[in-house]
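One structure is given below, encoded as structure tokens.
A note on names: the letters A, B, ... follow the listed sequences, proteins ahead of strands, and every chain is numbered from 1. Both backbone and side-chain heavy atoms feed into the values below; hydrogens, waters and symmetry mates do not. Computed from a prediction, not measured in an experiment: that's the story for all the values here.
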Number of protein chains: 2
Amino acid sequence: MTALSSIEKLCVERGMKMTGQRRIIAQVLSDSNDHPNVDEVYSRASNIDSKISIATVYRTVRLFEEAGLLEKHDFGGNSARYEEATDDHHDHLINVKNEEVIEFRNDEIEVLQRKIAEEKGLKLIGHRLELYGIPIGDDEKGQ
Amino acid sequence: MTALSSIEKLCVERGMKMTGQRRIIAQVLSDSNDHPNVDEVYSRASNIDSKISIATVYRTVRLFEEAGLLEKHDFGGNSARYEEATDDHHDHLINVKNEEVIEFRNDEIEVLQRKIAEEKGLKLIGHRLELYGIPIGDDEKGQ
DNA sequence: TTAACTGCAAACATTTTGCAACCGT
DNA sequence: ACGGTTGCAAAATGTTTGCAGTTAA
């Protein structure tokens with residue numbers, strides 16, 4: 001018997017019906033350290049079960065996201081990308097030269113954000129902070 | 001002769017060929033104080049010239065954006081929304097109860113962002129900061 | 001057993017594009 | 001006159017959905 005992935009464990013706790021496809025997708029996502037989009041999840045899942053359907057991947061990542069197991073991002077504006085939801089909040093710094101996503105956390109910024117919202121009479125319930133950068137030095141010699 | 005809209009003025013300065021459609025779209029965008037999406041720009045432009053095509057609106061906002069005259073946002077993740085680019089940078093605070101977009105500027109956050117990128121060896125070339133909030137008090141009585 | 005899930009293909013929404021006609025300079 | 005621009009409809013892209021068959025519990 002294979003060990004349960006961290007996402008599958010949470011699915012079980014929530015009483016979700018666990019099919020073979022969901023188990024595979026849960027595993028793929030738990031094993032990912034990057035921020036794959038649906039196509040990437042689909043291709044990784046296909047390596048395990050080649051007859052999984054992309055519609056199932058879409059339905060499943062949505063299900064997981066709605067259950068709070070995944071976070072959905074839309075860096076760049078093309079396809080949505082996913083990562084396992086964890087208790088530790090972080091934002092993202094994207095190296096636009098190679099699409100690499102670096103996670104970071106800055107409490108000073110968090111505090112300022114809450115203050116800004118309050119000044120406008122709003123209670124902060126969410127935010128999106130993405131930084132886009134290029135390797136230092138790369139800008140001097142153009143593209 | 002009608003006064004040139006601020007966007008049209010910049011188009012002329014850049015030597016763009018100014019057609020009737022472009023003039024109308026420039027005017028619509030200059031006159032907008034909100035952040036319309038392509039459909040909204042299209043419908044406002046249609047009120048002036050009912051036979052303008054949505055493909056032209058798409059082509060034109062892209063042209064303007066690439067010329068640095070417009071800023072493109074994708075709040076929410078549905079369709080892209082546009083606003084006239086101005087010299088004063090700002091970010092957005094969205095009241096999720098009514099979709100209202102409040103602009104704000106916070107230099108402290110800007111400085112911190114640059115610092116974070118540099119710590120990871122990147123030069124900051126852009127960022128996206130959106131805050132989402134609800135009116136203070138609304139959260140106590142649920143939805 | 002049976003309600004929920006899957007695969008497939010079709011539908012969808014947004015955006016882009018090929019092409020012939022058109023227009024600004 | 002000519003090259004860029006437009007309108008139309010078709011294509012492309014990412015995502016959702018209807019339906020008939022399958023499966024977990």
statement: Checking C:dC8, C:dT25, D:dA9 against the side chain of B:Met18 (C-beta onward), the nearest is C:dT25
message: Measure CZ/A:Arg81 against C1'/D:dT15 and give the value in whole Å, please.
response: 18 Å
field: Any donor-acceptor N/O pair under 3.5 Å between C:dG7 base and A:Arg59 side chain
entry: yes
task: Assign each of B:Ile54 and A:Met16 to its nearest nucleotide of DNA chain C by heavy atoms, then name whichever residue's nucleotide is nearer the 5' end.
output: A:Met16
query: For the residue pair A:Tyr132 and B:His127, is the inter-centroid distance of their aromatic rings smaller than 6.0 Å?
result: no
field: Residue among B:Ile24, B:Val28, B:Ile54 satisfying side-chain contact (heavy atoms from CB on, under 4.5 Å) with B:Val41
entry: B:Val28
- request: Return the value, rounded to whole Å, for the distance between atom CG of A:Asn78 and atom P of C:dT14.
  value: 17 Å
- prompt: Would you call A:Phe75 and A:Arg81 a side-chain contact if the rule is heavy atoms closer than 4.5 Å?
  reply: yes
- request: Kindly say if A:Thr19 contacts the phosphate of C:dC5, meaning a side-chain N or O under 4.0 Å from OP1 or OP2.
  value: no
message: Can you tell me how the ring of B:His92 sits relative to the ring of B:His90, calling it parallel under 30°, perpendicular over 60° and tilted otherwise?
response: perpendicular
- prompt: If you pin A:Lys72 and B:Leu63 to their nearest nucleotides in DNA chain D, which one's is more 5'?
  reply: B:Leu63
- request: Take the protein atom CZ of B:Arg14 and the nucleotide atom C1' of D:dG4, then report the distance between them rounded to whole Å.
  value: 19 Å
message: How close do A:Gly68 and A:Ala85 get, counting heavy atoms only, and between which atoms?
response: O-CB, 3.4 Å
- request: Return the value, rounded to whole Å, for the distance between atom NZ of A:Lys17 and atom C1' of C:dC5.
  value: 6 Å
message: What is the distance, to the nearest angstrom, from the CD1 atom on B:Ile24 to the P atom on C:dC23?
response: 14 Å
message: With a 4.0 Å cutoff (strictly under), does any side-chain N or O of A:Gln21 reach OP1 or OP2 of C:dG7?
response: yes
- prompt: Has A:Arg62 got a side-chain N or O lying under 4.0 Å from the OP1 or OP2 atom of D:dT17?
  reply: yes
task: Would you mind reading off the distance between B:Asp49 atom CG and C:dC23 atom C1', rounded to a whole angstrom?
output: 14 Å
- prompt: Atom OH of B:Tyr42 and atom P of D:dT6: how far apart are they, to the nearest Å?
  reply: 14 Å
Options D:dT15, D:dG4, D:dG7, nucleotide nearest the side-chain atoms of A:Ala80: D:dT15
query: Picking from D:dT15, C:dT6, D:dC8, which would you name as closest to the side chain of A:Arg22?
result: C:dT6
message: Looking at D:dT15, I'd like to know if its phosphate oxygens (OP1 or OP2) sit under 4.0 Å from a side-chain N or O belonging to A:Tyr58.
response: yes
task: Could you work out which one of D:dT6, C:dT6, C:dT15 sits closest to the side chain of A:Thr60?
output: C:dT6
- request: Take atom CG of A:Asp39 and atom P of D:dA12, then tell me their distance rounded to the nearest Å.
  value: 16 Å
